[in-house]
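Chain A is the first sequence line, chain B the second, and so forth, proteins listed ahead of strands; every chain is numbered from 1. Worth saying up front: this structure is predicted, and the values here are computed from it rather than measured.
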Number of protein chains: 2
Amino acid sequence: MPRPAKRATSADVARAAGVSRATVSYVLNNRPDQSIPDTTRRRVLEAAESLEYRPHGNARSLVSGRSDIVLLSVPDLPIGTGISRFVEEFAAALAEHGLTLVTHLAAARGRPLPDVCATVGATAVTGFAPFDADTARALRAAGAEVVLPSPTDVPDIMLPIGSIQAEHLIGRGHQRLGYALPAHPRFQQMAAERLRGVEQACVETGLQPPVTATVSLDVGVAADAVTNWIGQGVTGICAFNDETAVAVLAGAQSRAVRVPEELAVIGVDDILVAPLTNPPLTTVRFDLHAVARRRAELVVAGLTGHDAPAATESEISAGLVERSST
Amino acid sequence: MPRPAKRATSADVARAAGVSRATVSYVLNNRPDQSIPDTTRRRVLEAAESLEYRPHGNARSLVSGRSDIVLLSVPDLPIGTGISRFVEEFAAALAEHGLTLVTHLAAARGRPLPDVCATVGATAVTGFAPFDADTARALRAAGAEVVLPSPTDVPDIMLPIGSIQAEHLIGRGHQRLGYALPAHPRFQQMAAERLRGVEQACVETGLQPPVTATVSLDVGVAADAVTNWIGQGVTGICAFNDETAVAVLAGAQSRAVRVPEELAVIGVDDILVAPLTNPPLTTVRFDLHAVARRRAELVVAGLTGHDAPAATESEISAGLVERSST
DNA sequence: TTACCTTGCTTACACGTGTCAGTTACTCGA
DNA sequence: TCGAGTAACTGACACGTGTAAGCAAGGTAA
């Protein structure tokens with residue numbers, strides 16, 4: 001096949017429009033302090049259009065020292081579908097500020113995050129959990145100006161989820177709750193936050209704290225946990241996420257424990273199969289739209305040096321999806 | 001906090017080592033055609049180490065015209081967990097060749113892919129389905145030298161999956177098969193490939209082609225499909241993926257159709273909840289390790305200009321996970 | 001007329017890197 | 001002693017962009 005023409009540069013556009021390269025730059029970045037007549041402006045824009053000119057990000061960031069690239073580090077976890085919605089929303093929110101999002105899956109055998117940061121030239125790096133001090137320092141040394149979240153940002157998202165679960169069950173009259181922790185070690189931090197939310201709700205309504213059990217995705221393990229809960233008088237289970245909740249449902253079924261009559265179960269995430277379980281799973285879907293938008297605000301604020309607008313309670317909106325498992 | 005020192009450049013290293021910048025470049029990229037005594041070499045390396053020097057990827061790719069960055073476009077779909085394993089494996093395979101992977105979620109409201117390609121300066125762009133001609137052209141114009149997969153690459157991955165499903169059911173004695181298509185429009189292309197694999201297997205063993213039905217993630221829809229299949233004498237269902245399979249299971253249960261006695265069901269992906277369904281779901285897990293490695297080979301081959309080693313049959317290894325739904 | 005401002009441009013430099021073409025200083029054979 | 005060769009290094013350019021500084025032409029005020 002014929003080798004396609006090399007990508008157009010601003011010099012090509014300048015030649016086509018019959019002006020200097022500087023004029024092209026002024027028009028395309030439409031700088032207010034430069035006065036450029038409409039005829040010239042249009043000539044440049046048309047030339048850029050017809051040549052399919054796209055500014056070379058590397059060259060641009062080389063001179064400006066700042067790159068419009070935001071790097072999102074995605075943890076190497078069995079990721080739920082929710083994350084892709086977060087990413088989508090986050091990317092859209094950043095795009096409104098002219099920022100481009102790329103994601104990198106942090107795996108043991110892949111490149112270390114600071115290297116990736118340096119090669120793509122990201123100005124901001126963000127992730128789901130706060131980075132440890134060493135990594136944060138390395139990221140800054142690799143050129144990142146903003147590293148988020150800081151340790152104070154995370155609880156705002158996770159804690160209310162547990163509260164919503166517990167309040168729903170308590171509202172239905174349950175007096176003794178259980179909490180199903182995930183088995184995967186990397187979920188532990190997130191799980192601890194959500195559990196704390198459940199505990200808070202219990203304390204506030206005068207109940208005892210929930211009876212915790214680690215439930216792997218195995219029917220036998222889940223069944224044992226169910227038997228134990230029933231023995232302790234537990235009637236409602238908050239599960240860390242929907243997969244764990246499905247395991248609890250399977251465990252209950254294998255021990256002939258009726259759901260929701262004998263044991264109510266509520267999950268988190270509203271995964272695709274949640275409406276298809278037996279009985280259909282009640283769950284909490286938290287609004288990634290708002291979380292993503294908030295995160296984007298924090299990034300932009302960090303980049304511009306302004307303070308971020310304070311988070312209002314209503315921004316973190318997690319919603320109950322009521323089905324028949326509670 | 002004290003503003004951290006600006007990142008070190010190769011000029012800083014040169015000054016610290018008492019040599020010229022060119023020498024620094026020769027040492028760090030250890031070029032064989034330049035003879036550099038060990039004393040000098042060590043001086044440079046030590047200076048680079050102590051300054052925490054990392055070459056500036058933007059500047060490097062600006063001059064070389066090539067960037068070590070591979071961009072993976074992830075479709076805006078309800079993504080299965082399998083994809084993250086693919087990404088992990090792909091990134092690791094690319095890293096062995098000194099390439100860095102970043103992913104971008106292609107969403108309607110985000111940036112168009114060619115823009116992202118241009119801003120990060122990717123030399124290769126790849127995705128799960130082939131790009132349409134316009135997009136491919138735009139990507140090339142944005143600086144991508146390699147755009148994959150080409151339309152001829154995809155069937156190799158998807159088609160055998162359908163075959164494995166069908167052969168498993170046929171081997172169990174089923175004479176009339178059904179195929180459960182997904183409802184989401186963006187899955188259609190992938191589904192068509194997998195369905196073709198099922199059809200091939202049927203033809204080869206002298207069976208009639210499968211009875212297709214579109215099954216959304218809704219119990220009612222799935223139940224109607226099940227009734228229809230039973231009415232046509234179908235005894236085994238190949239589902240597009242595990243979510244669709246779970247819907248079929250739920251539909252069967254709501255119509256009191258016993259699985260697997262009256263209707264066998266097999267999915268694809270081995271999602272987390274697959275062992276937890278009732279009955280536990282038989283499924284096909286395809287080896288993303290091999291697919292990712294193959295894809296990385298294609299990318300590297302495209303960048304070096306060499307031909308890629310031909311795919312052997314054994315590289316595309318998809319494995320049956322037998323449970324009780326068949 | 002002269003001094004000075006505005007408009008509409010252009011010229012020239014900087015960013016950090018890789019690399020080619022020189023340029024020393026030294027060794028070696030005749 | 002002299003030319004040639006080689007080891008060890010340096011100077012300068014290019015990549016594509018943003019932008020400060022400058023410049024010609026025309027207008028305006030004194």
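Residue pairs meeting the side chain to side chain donor-acceptor pair (under 3.5 Å) criterion with at least one partner in residues 17-36 of chain A, sequence neighbours excluded, are S10(A)-R21(A), S20(A)-T23(A), N29(A)-R60(A), R31(A)-D33(A). The list of ring pair (Phe, Tyr, Trp, His ring centres under 6.0 Å) pairs with a residue in residues 89-126 of chain B, not counting sequence neighbours, reads F86(B)-F90(B).
Contact annotation for S61(A): no contact, since no heavy-atom pair falls under 4.0 Å across all strands. Backbone-only engagement by T9(B) is indicated by non-hydrogen atom pairs under 4.0 Å involving sugar-phosphate atoms exclusively. Residue T23(B) is in base contact, counting any heavy-atom pair closer than 4.0 Å across all strands shown. Across all strands shown, S20(A) has heavy atoms under 4.0 Å from base atoms, whether or not it also approaches the sugar-phosphate. At a threshold of 4.0 angstrom between heavy atoms, the contacts of N58(B) with the nucleic acid are absent.
No side-chain donor-acceptor contact under 3.5 Å links S73(A) to the backbone of A106(A). For T103(A) (side chain) and T103(B) (main-chain N/O), a donor-acceptor pair under 3.5 Å exists by modelled atom type. Here the side chain of T119(B) pairs no donor or acceptor atom with the backbone of G57(A) at under 3.5 angstrom.
At whole-Å resolution of the value, CZ in R7(B) and P in dG16(C) are 9 Å apart. dC9(D) atom P lies 15 Å from atom CG of N30(B), rounded to whole Å. A straight line from CZ of R54(A) to P of dG16(D) spans 17 Å, rounded to a whole angstrom. One can place CG of L28(A) at 10 Å from P of dT17(D), the figure rounded to the nearest angstrom. Rounded to an integer number of Å, the gap from H56(A) NE2 to dA14(D) P is 17 Å. We find that CZ of R66(A) is positioned 18 Å from C1' of dG16(C), with the value rounded to whole Å. The interatomic distance linking D68(A) (CG) with dT17(D) (P) rounds to 14 Å, in whole Å. Per the geometry, CG belonging to D12(B) stands 13 Å off C1' belonging to dT17(C), to the nearest Å.
For E89(B), the salt bridge (Lys or Arg N to Asp or Glu O under 4.0 Å) partners two or more places apart in sequence, or in a different chain, are R109(A), R293(B). Listed by chain and number, the residues in a salt bridge (Lys or Arg N to Asp or Glu O under 4.0 Å) with D12(A) are R15(A) (sequence neighbours excluded).
Side-chain to base pairing of R21(B) with dG18(C): one donor and one acceptor N or O lie within less than 3.5 Å of each other.
Checking dG18(D), dG18(C), dG16(C) against the side-chain heavy atoms of L62(B) singles out dG16(C) as nearest. Listed nucleotides: dA8(D), dT10(D), dT10(C). Nearest to the side chain of S35(B): dA8(D).
Side-chain nitrogen and oxygen atoms of S10(B) include none within less than 4.0 Å of the OP1 or OP2 phosphate oxygen of dG16(C). Between S64(B) and dG18(C) there is no side-chain N or O to OP1 or OP2 distance below 4.0 Å. Regarding contacts with the backbone of dA8(D), every side-chain N or O of T40(B) stays at 4.0 angstrom or more from both OP1 and OP2.
In terms of position on DNA chain C, the residue among P37(A) and P55(B) whose nearest nucleotide sits closer to the 5' end is P37(A).
Ion pairing of E145(A) with R66(A) is present here, as a side-chain N (NZ or NE/NH1/NH2) and a carboxylate O approach within less than 4.0 Å. At a threshold of 4.0 Å, the pair E88(B)-R85(B) does not count as salt-bridged, since none of the basic side-chain nitrogens sits closer than that to a carboxylate oxygen.
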Per-nt protein contacts along nucleotides 20-28 of chain C (heavy atom under 4.0 Å; B base, S backbone sugar-phosphate only, - none) come out as B--------
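In this structure, L72(A) and V102(A) have side chains that are not in contact, with every pair of non-hydrogen atoms separated by 4.5 Å or more.
If one axis is set at each end of the helix from dT1(C)-dA30(D) to dA30(C)-dT1(D) from five pairs, those axes are 70° apart, to 10°.
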